[in-house]
Amino acid sequence: MNFEDSPQEAQFRATVREWLAANAEPKRHPRDFVGDGLPADQRLAAARVWQAKKAAAGYAAVTWPREFGGLGGTPIQHLIYLQEESKWRSTFGYFEIGIGMCLPTLMAYGNQHHKDRYVRTALYGEEIWCQLFSEPAAGSDLAGIRMRARREREQEGSDWMVDGQKVWTTGAQFSDFGLLLTRTDPTVPKHAGLTMFFVDMKSAGIEVRPIRQMAGESEFNEVFFTGVRIPDEQRLGPVGGGWKVALTTLMFERLTVGTELGLLTAQSMLSLLADRGDLSDPAVAESMADAWIVDEGLRLHQCRTLTALSKGSTPGPEQSIGKLLKARQAQRMSTFLMDLAGQGSLVVDEETDSLWSSVQRTWNWSAALRIAGGTDQILRNIIAERVLGLPEEIRVDKGIPFNQVTK
Amino acid sequence: MNFEDSPQEAQFRATVREWLAANAEPKRHPRDFVGDGLPADQRLAAARVWQAKKAAAGYAAVTWPREFGGLGGTPIQHLIYLQEESKWRSTFGYFEIGIGMCLPTLMAYGNQHHKDRYVRTALYGEEIWCQLFSEPAAGSDLAGIRMRARREREQEGSDWMVDGQKVWTTGAQFSDFGLLLTRTDPTVPKHAGLTMFFVDMKSAGIEVRPIRQMAGESEFNEVFFTGVRIPDEQRLGPVGGGWKVALTTLMFERLTVGTELGLLTAQSMLSLLADRGDLSDPAVAESMADAWIVDEGLRLHQCRTLTALSKGSTPGPEQSIGKLLKARQAQRMSTFLMDLAGQGSLVVDEETDSLWSSVQRTWNWSAALRIAGGTDQILRNIIAERVLGLPEEIRVDKGIPFNQVTK
Amino acid sequence: MNFDFSDDIKAMTAEVRRALERSCNMAEVRRCLEDGMFHPGGLISKPAWGVLAEMGVTGARIPEQWGGSGLGMLELAACAEEIGRVCAPVPSLPSVYLATEALLHSGTDSQRERWLPQLARGEAVGSMCFAPIDADGERLTARYAAVPAGAVADFLVVMSADDCAVLIDLHQDGVSRHPLRVLDPGSPMAELALNAVRSEPMNCPAGSYQGIRNRAAVLLAFEQLGGASRALDIARDYTLQRKTFGRTVASYQAVKHLMADVWVKNEIARGHAYHGAWASQTNDPALPLAAACARVSASEAFEFAAREALQLHGGIGFTWEADIHPFYKRSRSTALSLGSSREWKRRIAQLLHRQHMTIAHEL
Amino acid sequence: MNFDFSDDIKAMTAEVRRALERSCNMAEVRRCLEDGMFHPGGLISKPAWGVLAEMGVTGARIPEQWGGSGLGMLELAACAEEIGRVCAPVPSLPSVYLATEALLHSGTDSQRERWLPQLARGEAVGSMCFAPIDADGERLTARYAAVPAGAVADFLVVMSADDCAVLIDLHQDGVSRHPLRVLDPGSPMAELALNAVRSEPMNCPAGSYQGIRNRAAVLLAFEQLGGASRALDIARDYTLQRKTFGRTVASYQAVKHLMADVWVKNEIARGHAYHGAWASQTNDPALPLAAACARVSASEAFEFAAREALQLHGGIGFTWEADIHPFYKRSRSTALSLGSSREWKRRIAQLLHRQHMTIAHEL
């Protein structure tokens, strides 16, 4: 039992460190990214430059086969790269979804032309991809999407016309392409009538609207499709086979381990409490211990997962534990700290890098995070069903044609 | 808004007080009952004497009509009587089920002969009744009972032969009669095949066995029926109409408001903490406040219920809140106090009236109380469905003949 | 035993509810929150405040001689629940439950004469700070970091823990206001800097400080209770119409049980709130403990109800267009007004300990 | 990164599990509990203890020269989980994790010579008290209120917070034992009165007191973890076969989610327990914090798992015949051994504070 790299891992880490030291810029504060402080378009441009550099060195997609520009590395090597990169100025929020989920799906289901045309440009940050799955009436129940794709003419190979609405689309406003799940046949049970496409986000009939969140900011979009034409050539997998393709994408989502949620940590809580001199209060001390146990416990759980990974297992539903605990813990910690500090903690801390502004951001964002990416309830279902092997929820819509399920 | 008796209530209370002062013995400690310290049979004999005295004065069943020996009083008057009686030596555990639930059912569904023969003897404590509903395979799902009653001969009025097992029967060991729910037709859906009887507990073929609980004591029984003959004359309600009769019984159960659960109270917790000098610890102080808020909150909730009762409403599912909170609160409080006191609190306090023995009894008994009389989960269902009007659980056995429901 | 509001009070609050629902629906609340986000400090829902003045709520406790309705604490408490139900962005706590009450109990005749009629009509807004008073004669120089309604208040009462109080007219030289961005723009605050301003002493009987905090805690508990019940209603309505996997969301046991737990907490808080109202109304010695229990149980019930109601909405819950986020914000801001639950819990323990010792001593 | 037990350890514990399952099934556990209820103090499951001796667990940490297996903390920790899984009524904590460890770290040569071989063979049972030592020369008079395994122990180690320790042979005049009725008869205790008994000083290096408590906390955490996982398994098996309203109990969402929550707590506790084992094994400076986190998370996980597993059984859960109540009792008794979670949580906060200050100072 140990926490050290294996000899191979240590060697990879050393190589990465050397490359980063030669190519990356030092971080000035924890939330300092490439292009920090620049206007949105210049920031994006700077991000593309860094992405291209990474891609040229093979680090943009460590686990991809070499033929696609990756290193053919293991998930652990990918994680080692991310650990090391996080000490330097890097990028966040532009390329993860495309490289982590969309392109792997394209590699699995696309033809040779697709691979030649799209993989390299995405890897080098020249084109950005987004994922168009969720809909207003299909969140937890993704297979319940309604976005309708119809063949323009009733014949093989005909173009498709798409109408409907997607929601919660991260990065839609600057994306070039989107992976799009549609319903092509509403007369069959819900999982059977889906088809996957990718779509040029600049197509006529696509409108991207930011969603305003409860704290006033916008991190997601709604995307409206009105008579959008998609060539049949951009279909991934067979007509009616979209659910299987979507599951592939979601499986890749699970592989994006170690994503930073940007929430208050127990370590920050400790700093705040120590600075306030509050730890001598036994009630505060006990809350601090509770928070520490969860945070540190998740880190150790992650270490066990990584151990399993490095022994060759694939990440399973056990990973649901992280977000389930983290989001609730964040909500509890931020509330607790504000209670301690009193009414003044309601005043927005304008200094965005301060511990207090992170408390406030966490209070707002934790409410969303208990929902986004699987609600607490869905995650418990996943643990109960897929880890503990308990019976699935009763599905009253099982086997019933989609258009006959009680609306 | 006030907490005082109305003039009529005050007058009733005064009458009750006067009667108790003239007839009851003073209580020497909180758990001092009539016959305290005597062997079981003498204790029961003493209890019967006190019951007869109450019955003669009309107090044994305040809400019953005068023709049955009651006072024709209101639920509030019943409660006032109980409040006052609790200050004196009284009885507990012998007559409540008979007078509170079985006899009212008999009065509702029995014939004149039944009423003449059984009501008075029960009221005066000469005969004791128990309730034979639950079965090993039918706890929360009471309508799933299997105890089989068959007509001896296929003709109207024939005697019935009963086989099967009941469980959790309080007082079976000293009861004279039992209210018995049976299944007379397993070929129809579960609610439709039930029939209610009452049975002489001394009938041949009935065996009462105490159930040993986890702390070693026995407060309930299993009752085994092997070829027990019951005359058709002892049937209550029509054949196949047993569910409706059972619902009547359960409705009367709800009327038995204000039952003392014998658990640790926040007031006792306060005594213990104050004696230990622990309240200056802020963490202890906060826990004390939490406990107080629940206990006192339940008392105030009870005051609201009584107000509604005295305005003529009947007790509804809102009452589920009491046991749901009380049992969990008891488990929390007893655990907390033992944590404070350390390992020594594991040593059984042999002094049965001490605060510490009540902590220990509460720790054991609260685990049972979260189950007995409706699990936490069932109570939440009741609140969700009957108070908040949320949809019922999906019943996969609905409308299916009982003997075809997947075992 | 008559532990409920009278039919008269129920009829009155039903009218207040109807009027508030008309004048202050969730679109109006969101409009105010948006306004408050970009123009901090200045916010007040004029339609809601107008209704409260018109229906005699702002002047509920003010005697008729000064244009008020001369009602009791029970009436005001019942109305507070309605204010909470609609999540009204109005300065009810600083102006009605605190400043007005302070004037009623500790104001001089001329102070009352001057402010109470305007308060009754809703034309003046007061605010209140609990802080030590370090006045140089009649001149006060001080800085208050986060004064509720501080940007719009016409006067400020400052009261210290040793029962001293002064009133400051905020329309005078030397007063400068700095509106603040806050997490709940529906409960705006401002920083007030007072530079040698004229402060008028008030007539503060012993026990005023804790007395006014106790009564305000009870009234605020009713607002929180209103918010908590409404949050549950909103969650119930939403989950009953929303479907997932072919079933209404409300049919899932996890969802049902969560709402049952919310209901249970709300019921417990309601008992304590009623108790607090009764003790305020009758000036019963139980008031300190009853007020503290009302405060804590209502704060916790409202935060739990709002937080889980938001959760039960799924994704839509954290969008601006949802009706639930104003309650999430209000639950947090009300929990931190008048001191947090932690402080009140410690007070409960102290009061209980004292009570226990007194009884033990008497035995 | 290799944060898991080695395949060798896994193979070894699999054998221990099989042997314990054979020798100490729930019928044996119930028999011991019943015995302990009526004949307090005397209890020990001979078959279970025999297996532990035979398989080298009682002597896991004892060097081979004294007949032990000379294994590391990791091995013993992994075995402790198996002891907890079967809820074995054996004095593993007082004898193996405490008294034996105390002898290994602080025993004199002759003390080791005398006791270790017997401990390794499971023929002697030790116990330990943490208390101030007030010895008059070599004679000790003292009263210990609740000594684990006090009725059967052959010797007792008493250690004080200032790192003094003595060993007392309990087979001598002046020792009187009073077996106690306890809530968990599977963890019996006795009151020991010592009247001028001979006490032998031990060689206690500085830091022994906390060191031995930390390592014992880690080992006990593994027992608790074993109990917690088993309680979940029992609840899972029961609810999968039990039906209500025509469906298996395990198909209800409230039941599923409760078990999911139990699993989550167990996983978190497992990470901390592993960390504690690693820190004990490597004597890493992280040990004090790791041990405290292991102790608290395992205590809480076990109590939650046992309590809710019992709940998930419905009525059968609180009968003697059910397999779950021994775990409910054990979860309570283990939570109170070595100090409660409250104490360890405060220790966590202290350690964190110290750590933070050191880092802040270095910056």
Side-chain angles (χ1 to χ4, degrees), chain A residues 1-6 9 76 79-80 266-267 269-271 273-275 279-282 284-290 292-294 296-311 318 320-321 324-325 376-377 379-385 387-394, chain D residues 1-6 9 74 232-233 235-236 239-240 247-248 250-253 255-265 267-275 277-278 281-282 284 289-290 292-294 296-297 300 341-342 344-353 355-357 359-360:
Chain A
M1 198 180 272
N2 64 64
F3 293 92
E4 281 109 60
D5 289 335
S6 71
E9 288 162 3
I76 293 289
L79 193 79
I80 289 173
Q267 188 69 56
M269 179 173 172
L270 174 60
S271 297
L273 293 177
D275 293 350
L279 285 168
S280 54
D281 180 324
V284 175
E286 288 183 22
S287 294
M288 181 66 240
D290 286 334
W292 185 263
I293 284 171
V294 173
E296 171 75 353
L298 283 173
R299 183 183 74 80
L300 294 164
H301 183 262
Q302 184 79 344
C303 290
R304 289 174 52 222
T305 307
L306 293 176
T307 302
L309 270 186
S310 79
K311 289 181 180 167
E318 296 82 4
S320 302
I321 195 173
L324 178 61
L325 281 182
D376 289 358
Q377 287 75 20
L379 295 179
R380 287 202 187 91
N381 267 3
I382 290 175
I383 291 170
E385 294 170 13
V387 180
L388 298 177
L390 304 179
E392 285 187 17
E393 290 300 300
I394 295 176
Chain D
M1 178 72 62
N2 182 14
F3 190 48
D4 195 2
F5 287 117
S6 69
I9 293 185
L74 291 181
L232 176 56
D233 288 351
R236 181 179 171 278
T239 55
L240 277 171
R247 288 163 56 184
T248 58
S251 75
Y252 288 88
Q253 204 175 32
V255 171
K256 291 164 64 178
H257 285 195
L258 193 50
M259 285 196 266
D261 285 343
V262 170
W263 180 84
V264 166
K265 269 188 190 287
E267 283 295 291
I268 292 298
R270 184 170 293 279
H272 285 296
Y274 283 23
H275 193 215
W278 167 84
Q281 171 76 13
T282 57
D284 192 270
L289 189 52
C293 288
V296 173
S297 58
E300 294 191 344
S341 288
R342 296 167 42 80
W344 288 90
K345 278 187 191 176
R346 289 168 190 211
R347 193 167 148 73
I348 290 173
Q350 273 169 8
L351 291 165
L352 287 174
H353 194 214
Q355 200 177 77
H356 176 80
M357 287 308 168
I359 294 168

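Worth saying up front: this structure is predicted, and the values here are computed from it rather than measured. In the text below, chain A, chain B and the rest are named by the order of the sequence lines, each starting its count at 1.
- Contact annotation for D:Arg247: only side-chain heavy atoms (C-beta onward) come within less than 4.5 Å of a heavy atom of chain A.
- Proximity of a side-chain donor or acceptor of D:His353 to a complementary backbone N or O of A:Ala274 within less than 3.5 Å is not detected.
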- Query: Checking side chain to side chain contact (heavy atoms under 4.5 Å, CB included) for the pair D:Asn2/A:Lys311: CA distance, chi angles, key distance, verdict?
  - Reply: CA-CA 9 Å; D:Asn2 182 14; A:Lys311 289 181 180 167; 3.9 Å; yes

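- Contacts of D:Leu351 with chain A are absent, with no heavy-atom separation under 4.5 Å from either backbone or side chain.
- Interface residue D:Leu240: only side-chain heavy atoms are found under 4.5 Å from chain A.
- Atom OG of A:Ser280 is separated from atom CZ of D:Arg346 by 11.5 Å, given to the nearest 0.5 angstrom.
- Highest contact tally toward chain D, considering only A:Leu270, A:Leu273, A:Asp5, is held by A:Leu270 [criterion: heavy-atom pairs under 4.5 Å].
- Here the straight-line distance linking atom CE of D:Met1 with atom CG of A:Leu309 works out to 10.5 Å at 0.5 Å rounding.
- Rounded to the nearest 0.5 angstrom, A:Thr307 OG1 and D:Phe5 CZ are separated by 12.0 Å.
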- Task: For side chain to side chain contact (heavy atoms under 4.5 Å, CB included), just list the numbers for A:Glu393 and D:Lys256, CA-CA rounded to whole Å, side-chain angles, deciding distance to a tenth of an Å, and then say yes or no.
- Result: CA-CA 10 Å; A:Glu393 290 300 300; D:Lys256 291 164 64 178; 2.7 Å; yes

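- Residues D:Cys293 and A:Ile293 share a closest heavy-atom pair of SG-CG1, 4.1 Å.
- Contact annotation for A:Leu379: neither backbone nor side-chain heavy atoms come within less than 4.5 Å of a heavy atom of chain D.
- Across every non-hydrogen atom of A:Leu324 and D:Val264, the tightest pair is CD2-CG2, 4.1 Å.
- What you find for D:Thr248 and A:Pro391 is that their closest heavy atoms are OG1-CG, 3.7 Å.
- If you measure heavy-atom distances from A:Asp281 to chain D, you find no contacts under 4.5 Å at all.
- Taking CD from D:Gln253 and CG from A:Leu390, the interatomic distance works out to 11.5 Å, rounded to the nearest 0.5 Å.
- Side-chain rings of A:Phe3 and D:His275 approach one another, their centers coming within less than 6.0 Å.
- Residue D:Ser251 touches chain A through both its backbone and its side chain, counting heavy-atom pairs closer than 4.5 Å.
- Considering only heavy atoms from C-beta on, D:Lys265 stays 4.5 Å or farther from A:Leu325 through its side chain.
- For a residue to count as touching a neighbouring chain, one of its non-hydrogen atoms must lie under 4.5 Å from one of that chain's; by this rule A:Ile76 does not touch chain D.
- Residues A:Ala384 and D:Ala260 approach most closely at N-CB, 4.3 Å, considering heavy atoms.
- For A:Asn2 against D:Trp278, the heavy-atom pair with the smallest separation is CA-NE1, 3.9 Å.
- In this structure, A:Asp290 pairs ionically with D:Lys345, as a charged nitrogen and a carboxylate oxygen lie closer than 4.0 Å.
- Residue A:Asn381 touches chain D through both its backbone and its side chain, counting heavy-atom pairs closer than 4.5 Å.
- The distance from atom CG of D:Asp4 to atom CG of A:Leu306, rounded to the nearest 0.5 Å, is 12.0 Å.
- The parts of A:Glu318 that come within reach of chain D are both its backbone and its side chain, each placing non-hydrogen atoms under 4.5 angstrom from that chain.
- Residues A:Met1 and D:Gln281 are not in side-chain contact: their nearest non-hydrogen atoms beyond the backbone lie 4.5 Å or more apart.
- Note on A:Arg304, A:Glu4, A:Glu296, A:Gln267: by heavy-atom pairs under 4.5 Å with chain D, the leading option is A:Arg304.
- Side chains of D:Leu352 and A:Met288 form a contact here, defined as non-hydrogen atoms less than 4.5 Å apart.
- Contact annotation for A:Glu9: only side-chain heavy atoms (C-beta onward) come within less than 4.5 Å of a heavy atom of chain D.
- With a 4.5 Å cut-off on non-hydrogen atoms, A:Ser271 touches chain D through its backbone and its side chain both.
- In this structure, no portion of D:Ile9 lies under 4.5 Å from any heavy atom of chain A.
- Contact of A:Val284 with chain D is not made at all, since no heavy-atom distance falls under 4.5 Å.
- Without hydrogens or angle criteria, D:Arg236 side chain to A:Leu388 main chain gives a donor-acceptor distance under 3.5 Å.
- The part of A:Ser6 that comes within reach of chain D is its backbone (N, CA, C, O), which places non-hydrogen atoms under 4.5 angstrom from that chain.
- At a 4.5 Å heavy-atom cutoff, the contact between D:Asp261 and chain A is made by side-chain atoms alone.
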